[in-house]
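So you know, we letter chains A, B, ... as the sequences are listed, proteins then strands, and number each from 1.
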Number of protein chains: 2
Amino acid sequence: MAPTTETLTAERILEATEEVLRRHGPAKATVVDVARALGVSHGSVYRHFRTKAALREAVTKRWLDRTSGELSGIAAAEGDPEARLRDWLSALFAAKRRKAGDDPELFATYMVLTGEAGTAVGEHITDLTAQLARIIRSGVDAGSFDTADPEASARAVFHATGRFHDPCYSREWERPGVEGEFEAVVELVVRGLHS
Amino acid sequence: MAPTTETLTAERILEATEEVLRRHGPAKATVVDVARALGVSHGSVYRHFRTKAALREAVTKRWLDRTSGELSGIAAAEGDPEARLRDWLSALFAAKRRKAGDDPELFATYMVLTGEAGTAVGEHITDLTAQLARIIRSGVDAGSFDTADPEASARAVFHATGRFHDPCYSREWERPGVEGEFEAVVELVVRGLHS
DNA sequence: CAGCTGACAGATTTCAATATCTGTCATCTG
DNA sequence: CAGATGACAGATATTGAAATCTGTCAGCTG
């Protein structure tokens, strides 16, 4: 694309890569395309990212971190832990559903990227369950939740609600009735946590 | 394979198709292969199944029905509903995990088959949640479970435990610690159901 | 000399020609 | 004549040669 005089940074490469992925999809997005988009040779891209896989994983990480960031506010907030848990789960579902619904092709692209084994997804899940554990712990402290192991309960809640945040279910998220299914599972889970 | 004098029945075709799928995998299993395995012309296969898709769906249905059958005994049994619910969920997880672990290639084949949109999977899920609903209803009658809508609760329980029976998670089922994760989710769900 | 380039080897992908498959049906056979 | 066959048209899959990509690196440039 248009050559620039700006310095070539990891950040600029990541932005260009996102754009190339959006345009070409995961199968046809090449490092050469990214370099072309930046007006540099592909060798320069390899100066910042050792391999194509590392570049793709960095893009994935950025994308996942955006979701984590949206939710961390709720996890850190003050107030009724049960309400916060419900809010957090709703926000997670809403965020995923929005991403999947607004631009299905891009979402499919990221599904491919997250499927390429790497540590990014695992770290994202660790991050999210840590947020959940924080909420649950504050519920235990307040006496509204009862669990011996908030971390384990957090993982259980995360797993139990997987249908409403795991990308492999994304095509179900637009069906009529999901909202109700979501409420039912959240209800079950919140009741299971109660003392 | 070996030609036979036996009459050509839908049942024999289904058996041969299973064998061909096991041998060749979902991508390379053709109707011609099935006919060859039976020692007949492929036109004869089309006499019993209108399309290749119908044949594949019939095989899928048979496979899914085998799991449903294994579980229906637990759902129909007498005795403590909570124990039956735990047994049923454990049996479902064990059955899926065994199928995935014993013959991963065949399991992958069936994952492809179930992914080919059709009514078989939907009916299977309806069947399983009906079994769950039966257990939950008996728990409500016995006074140990509390829910206004056992069918809805059954779907919620099924969704909440998806990570331990949905094929899209099958590669997680062999990791150390799954057993514990499973127990934690079941515990959460059972507590959520309790009155 | 830090950062960029572009040629290169080996791996991967594309593309078009070729082969095989699906689904139909007129015809055959017991 | 019920049930099986195999030739056929159009759709799909395979194959192998050519094009492109990945990752490296010696050398260029500011």
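Residue pairs meeting the salt bridge (Lys or Arg N to Asp or Glu O under 4.0 Å) criterion with at least one member in residues 154-168 of chain A, sequence neighbours excluded: A/R163-A/E172, A/R163-A/E181.
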Considering only distance and modelled atom types, tabulate donor-acceptor pairs under 3.5 Å from the side chains of residues 37-48 of chain A, sequence neighbours left out.
{"from": "A/S41", "atom 1": "OG", "to": "A/G43", "atom 2": "N", "distance (Å)": "3.3"}
{"from": "A/H48", "atom 1": "ND1", "to": "A/S44", "atom 2": "O", "distance (Å)": "3.3"}
{"from": "A/H48", "atom 1": "NE2", "to": "A/L8", "atom 2": "O", "distance (Å)": "3.1"}

Considering only distance and modelled atom types, tabulate donor-acceptor pairs under 3.5 Å from the side chains of residues 127-140 of chain B, sequence neighbours left out.
{"from": "B/D127", "atom 1": "OD2", "to": "B/S68", "atom 2": "OG", "distance (Å)": "3.3"}
{"from": "B/T129", "atom 1": "OG1", "to": "B/I125", "atom 2": "O", "distance (Å)": "3.0"}
{"from": "B/T129", "atom 1": "OG1", "to": "B/T126", "atom 2": "O", "distance (Å)": "3.1"}
{"from": "B/Q131", "atom 1": "OE1", "to": "B/S72", "atom 2": "N", "distance (Å)": "3.3"}
{"from": "B/Q131", "atom 1": "OE1", "to": "B/W88", "atom 2": "NE1", "distance (Å)": "2.9"}
{"from": "B/Q131", "atom 1": "NE2", "to": "B/S68", "atom 2": "O", "distance (Å)": "3.3"}
{"from": "B/R137", "atom 1": "NH2", "to": "B/E151", "atom 2": "OE2", "distance (Å)": "3.2"}
{"from": "B/S138", "atom 1": "OG", "to": "B/R84", "atom 2": "NH2", "distance (Å)": "3.3"}
{"from": "B/S138", "atom 1": "OG", "to": "B/I135", "atom 2": "O", "distance (Å)": "2.8"}

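Between D/dA4 and B/S44, no contact under 4.0 Å exists linking OP1 or OP2 to a side-chain N or O.
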Going 5' to 3' through nucleotides 10-30 of chain D and flagging B where a protein heavy-atom sits under 4.0 Å of the base, S where only the sugar-phosphate is that close, and - otherwise, we get ----S------SBBB------
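Residues passing the ring-ring contact (aromatic ring centres under 6.0 Å, His included) test with A/H165 are A/F158, sequence neighbours excluded. Residues passing the salt bridge (charged side-chain N to carboxylate O under 4.0 Å, His left out) test with A/E105: none are found, sequence neighbours excluded.
The distance from atom NE2 of B/H48 to atom C1' of C/dT24 is 17 Å, rounded to the nearest whole Å.
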